[in-house]
Protein chains: 2
Amino acid sequence: MAKKSMRKISNSTIHRLSIYYRALLGLEREGYETISSKELARREKLTPAQVRKDLSFFGSFGTRGLGYPVKELKARIGEILGLNKLWNVAMVGVGNIGSALVSYKEFAKQGFIVKLLFDNDQRKIGSNHKGIIINDIASIKQMLQEQEIQIVIVTVPAAAAQKVCDEVVEAGVKAIMNFAPVSLKVPDDVVLLNENMSIELEHLSFSLTNRNMVLSD
Amino acid sequence: MAKKSMRKISNSTIHRLSIYYRALLGLEREGYETISSKELARREKLTPAQVRKDLSFFGSFGTRGLGYPVKELKARIGEILGLNKLWNVAMVGVGNIGSALVSYKEFAKQGFIVKLLFDNDQRKIGSNHKGIIINDIASIKQMLQEQEIQIVIVTVPAAAAQKVCDEVVEAGVKAIMNFAPVSLKVPDDVVLLNENMSIELEHLSFSLTNRNMVLSD
DNA sequence: TGTATTTTGTGAATCACTTCACAAAAGAAT
DNA sequence: ATTCTTTTGTGAAGTGATTCACAAAATACA
């Protein structure tokens, strides 16, 4: 799978690949056969050079004078992002957010299949939530392994998050998405992604509070 | 409010301010009076130099040889982030995610008050959702203005998002948090924050798919 | 009081990311 | 066929963010 000389790919580039992927889905629907870096950049408010640099990391699929073939490019980016695979996902904590994510249609569309739910609330355990039984968190390690879960989404309260995280890591899971507002410690070989909505809102709050400053020197 | 020579503050710095703020809340609870950049960095997996650089943008509140006073620093960062104010928030789209966010306790704690809900589903309009009446999206412009809403959270389907966004902008709102998986166009003076969970999950998917490559040259 | 230790605050150096700019390749037009 | 136009792919330049490294300031302790 390795490509050419292989420099480090930045997180921003990976993030933009997802953006390109979505744009290409739209372009395909609109009937485009090819798309230039210029037009793709315009639509996503980026620069053409950046689009080309990003794509060039993974080889050269463009045609000079014409642009990129929409279908092929979409397929290739999907492959790079691992969207051609199915991923087994478990969710720990079936509260407001966890519950909402279970029914989030976009996830299933991209190949993220929620296979297991866990909670520690005796009233929830055993009950059926949108077709999935809620399991006792006590059995998490065994079940994650049995069902070959690759990604775990943590939506438990902050105080419980590190303990859950440790158990998940112990079960051998290598990718965790954390919604708890606390910074978790994981070994180097585990990918941890923090999704903290308060932090994002605080960014808005900062921007509104400091609309004047922000620049100059 | 302007501070000293005032260089540009990067988004990463603002993001880390939120992280420091949370860490300081914890430190205060644990009874710390002061904290060094070294220890703060260790806890949040950053470097001491970065902590000091970030904080130095806003003045110097540390004491050499001792560190930063926890209480004061927390208060100061809160002020910088605008957390001492209350923000009026409206939410458009009361589906799975919108509904979950309404009851997300963290928001209220940080001073984000959900004042209005909107939807276009006749079955939902007029009903009471967790103590808040759901309004017809048709009346959005007027109501946003009447209630002096400063922040709008958009959780409608992708296809409807740009239209909603335009109306919100027209109502004079300057901060939008978008959960729809589509890139919205807003004027320069409006802060737009995209919170796209599929993109985040795709990042995990990428990492799992490409654990080997990632570096060297 | 003096010396050793800690830790800040910050220019300078380094590293990372983005944009520029242009040769090369392909298509379109005449 | 030849010329003109478009657009890629990519080194080089430029910009921005992080880390280094050290003087200065404060404490701790003898």
Side-chain angles (χ1 to χ4, degrees), chain A residues 3-17 19-20 23-24 27 32-70 72-73 76-77 80 203 213-217, chain B residues 3-20 23-24 27 32-70 72-73 76-77 80 203 214-217:
Chain A
K3 266 273 121 62
K4 52 190 328 201
S5 68
M6 224 154 66
R7 300 174 231 42
K8 190 175 186 304
I9 292 135
S10 74
N11 284 342
S12 332
T13 294
I14 299 167
H15 189 258
R16 283 192 298 271
L17 285 183
I19 292 174
Y20 302 146
L24 290 164
L27 289 163
Y32 283 75
E33 301 253 305
T34 59
I35 182 77
S36 67
S37 58
K38 192 177 166 195
E39 173 61 9
L40 189 48
R42 192 193 60 74
R43 292 189 168 223
E44 301 302 324
K45 290 230 267 305
L46 299 165
T47 67
Q50 182 148 69
V51 171
R52 295 200 300 275
K53 251 284 139 77
D54 284 340
L55 297 179
S56 76
F57 275 117
F58 304 96
S60 54
F61 359 74
T63 305
R64 290 168 192 229
L66 197 63
Y68 300 88
V70 170
E72 279 95 320
L73 185 58
R76 186 74 183 89
I77 294 181
I80 292 164
H203 201 128
M213 66 147 76
V214 182
L215 59 136
S216 98
D217 77 335
Chain B
K3 266 273 123 60
K4 52 191 328 202
S5 67
M6 225 155 68
R7 298 173 233 42
K8 191 174 185 307
I9 290 134
S10 73
N11 283 342
S12 332
T13 295
I14 299 167
H15 189 258
R16 283 192 298 270
L17 284 183
S18 283
I19 292 175
Y20 302 146
L24 289 164
L27 289 163
Y32 283 75
E33 302 254 305
T34 59
I35 183 77
S36 67
S37 59
K38 191 175 165 194
E39 172 62 7
L40 189 48
R42 193 192 57 74
R43 290 188 169 222
E44 301 303 324
K45 292 230 267 303
L46 300 165
T47 66
Q50 182 148 69
V51 171
R52 295 199 299 275
K53 253 282 141 75
D54 284 341
L55 298 179
S56 76
F57 276 116
F58 303 97
S60 55
F61 358 76
T63 304
R64 290 168 192 228
L66 196 63
Y68 300 88
V70 171
E72 280 95 319
L73 185 59
R76 187 74 184 87
I77 294 181
I80 291 164
H203 201 127
V214 182
L215 59 135
S216 97
D217 76 334

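Here is how names work: the chains are called A, B, and so on, in the same order as the sequence lines, proteins then strands, and each is numbered from 1.
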I want to check a possible cation-pi pair here: A:R43 against A:Y32, using under 6.0 Å from ring centre and within 45° of the ring axis as the test. yes
Measure CG/B:N11 against P/C:dC17 and give the value in whole Å, please. 15 Å
Give the rounded distance in Å between these two atoms: CD of A:E33 and P of C:dG27. 15 Å
Measure the distance from CZ on A:R52 to P on C:dA23 and round it to the nearest whole Å. 15 Å
Indicate whether OP1 or OP2 belonging to D:dT7 is found under 4.0 Å from a side-chain N or O atom of A:S37. no
Starting the side chain at C-beta, find the nucleotide from C:dT8, D:dC20, D:dA17 nearest to B:Y68. C:dT8
B:F58 atom CZ is separated from C:dG9 atom C1', nearest whole Å, by 15 Å
Rounding to a whole Å, what distance do you find between A:L66:CG and C:dA25:P? 16 Å
Does the base of D:dT8 carry an N or O that pairs as donor and acceptor with the side chain of A:R64 under 3.5 Å? yes
Winner on side-chain proximity to B:S36, out of D:dT19, C:dT19, C:dT7, is C:dT7
Rounded to whole Å, the CZ-C1' distance (B:F57 to D:dT18) equals 11 Å
Separation of atom CD1 in B:I9 from atom P in D:dG16, rounded to whole Å: 14 Å
According to a strict under-4.0 Å criterion, is A:T47 in side-chain N/O contact with OP1 or OP2 of C:dT19? yes
Which atom pair, heavy atoms only, marks the closest approach of B:V70 to B:L24? CG1-O, 3.8 Å
Let me spell it out: for each of A:S10 and A:T63, pick the nucleotide of DNA chain C with the closest heavy atom. Which residue's pick is nearer the 5' end? A:S10
What nucleotide, of D:dA17, C:dT18, D:dT7, holds the atom closest to the side chain of A:R16? C:dT18
Roughly how many Å is it from NE2 in B:H15 to P in D:dG16, rounded to a whole number? 21 Å
Ignoring hydrogens and angles, answer whether the base of C:dT19 and the side-chain atoms of A:K53 contain a donor-acceptor pair closer than 3.5 Å. yes
Say you draw a straight line from CG of B:L73 to OG1 of B:T34; how long is it, rounded to the nearest 0.5 Å? 11.0 Å
What distance do A:L66 atom CG and A:E33 atom CD have between them, rounded to the nearest 0.5 Å? 10.0 Å
Using a 4.5 Å cut-off on heavy atoms from C-beta on, say whether the side chain of A:R52 contacts that of A:Y68. yes
